[in-house]
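Notes follow the structure.
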There are 2 protein chains.
Amino acid sequence: MTDEPRGAAEAVDSVLVALADPTRRQLLDLLAAQGEATATTLAEPLPVSRQAVVKHLAVLATAGLVSGSRVGREVRYAVRPAALNATARWMTALAADWDRRLANIKRVAEAAQRDSR
Amino acid sequence: MTDEPRGAAEAVDSVLVALADPTRRQLLDLLAAQGEATATTLAEPLPVSRQAVVKHLAVLATAGLVSGSRVGREVRYAVRPAALNATARWMTALAADWDRRLANIKRVAEAAQRDSR
DNA sequence: TCTATGTGCAACTCTTAAGTTGCACCCGAC
DNA sequence: GTCGGGTGCAACTTAAGAGTTGCACATAGA
């Protein structure tokens, strides 16, 4: 569950939470480098157990950053750029908004200083 | 401490960790809207104590997302767009890298299919 | 000076994320 | 069939983050 399209806010939230963990970022790096990989394979170079990797992959999948598909007895995971793209856009827009507000505040402050002298 | 310029990796990490918490994002929204505010003021509309807000602001400050300056007996915090901008760029670049890799894999797969028939 | 308000520090609770181990199950290969 | 490697599920431990309360300290203003 928790797989139906959520609101943009929840989507961004889940992506940020997913990316906040260094092990998960490392996992994403490995996946991006290999294209496709199983949880067992991914766990090998990492200092954690396969089960830990499985849990991380579940978090990443909930965030829409990866997806897994069963092939025979193994599950192959791959990276999903869409969610990351969306979050990157959200962050860029937020940064622009801050810049805009700060410029505005600066402008108001200067105007006030002009008036006071 | 922890205020000297760190590596890009740690900077991104701290920003992501900071943004992963919804209360901190709300705090950033409030700060961006008001331009400047104290911890006490920021805590009022929020469902948490002033101390909780202070801790969140400390996390945000470590990430470089806000900065506080003492004015008399109060400490005024303001938003700092630079760290957010840097992280947004990092994320955009990462998304582009994923897209590039996926396109590459797709190309290789198609070439292999052509060869096999 | 006295008071009220904002800040800083410390100790504490509570929840949850991260990781572990153990075992049952499934499926491909021999 | 059976054997081995890959998955999935569950229970458990542990560490850290989020929040709280209480109190001491500092400063603007009456």
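In this text, all values refer to a predicted model and were calculated from it rather than measured experimentally.
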Salt-bridge present (A:Arg25, A:Asp29; N to O < 4.0 Å)
no
Looking at every heavy atom in both B:Arg24 and B:Ala18, which two are closest together, and how far apart are they?
NE-O, 2.8 Å
Between the axis at one end of the helix from C:dT1-D:dA30 to C:dC30-D:dG1 and the axis at the other (five pairs apiece), what's the angle to 10 degrees?
20°
For A:Arg107 and A:Asn104, which I'm curious about, is there any donor-acceptor pair between the side chains at under 3.5 Å?
yes
Using a 4.5 Å cut-off on heavy atoms from C-beta on, say whether the side chain of A:Trp90 contacts that of A:Leu16.
yes
Along DNA chain C, 5' to 3', what are the outermost nucleotides having an atom less than 4.0 Å from a heavy atom of chain A?
C:dA18 to C:dG28
Can you check whether any acceptor in the base of D:dG19 is under 3.5 Å from a donor in the side chain of B:Lys55, or vice versa?
yes
With rounding to the nearest 0.5 angstrom, report the CG to CG distance, A:Asp21 to B:Asp13.
9.0 Å
Is it the case that more than 12 heavy atoms not belonging to A:Arg101 sit under 6.0 Å from its CZ atom?
yes
Do you know the tightest heavy-atom contact between A:Ala83 and A:Gly64?
CB-O, 3.6 Å
Nearest 0.5 Å, please: how far is CZ in A:Arg80 from CG in A:Leu31?
12.0 Å
For atom CZ of A:Arg73 and atom P of D:dG6, their distance in whole Å
6 Å
What does B:Arg24 touch in the nucleic acid at a heavy-atom separation under 4.0 angstrom: a base, only the sugar-phosphate, or nothing?
sugar-phosphate
Grab the CG-C1' distance between B:Leu57 and D:dA18 for me, whole Å please.
14 Å
Closest approach of A:Ala39 to A:Val54 (non-hydrogen atoms, all atoms of both residues):
CB-CG2, 3.8 Å
Between OG on residue B:Ser69 and CD on residue B:Glu74, distance to nearest 0.5 Å
9.5 Å
Residues in contact with DNA chain D, drawn from residues 27-51 of chain A - heavy-atom cutoff 4.0 Å
A:Thr38, A:Thr40, A:Arg50, A:Gln51
Rounded to the nearest 0.5 Å, what separation is found between the OG1 atom of B:Thr87 and the CG atom of B:Leu65?
7.0 Å
If you assign B:Arg70 and A:Val75 each to the DNA chain D nucleotide with the nearest heavy atom, which residue ends up on the more 5' nucleotide?
A:Val75
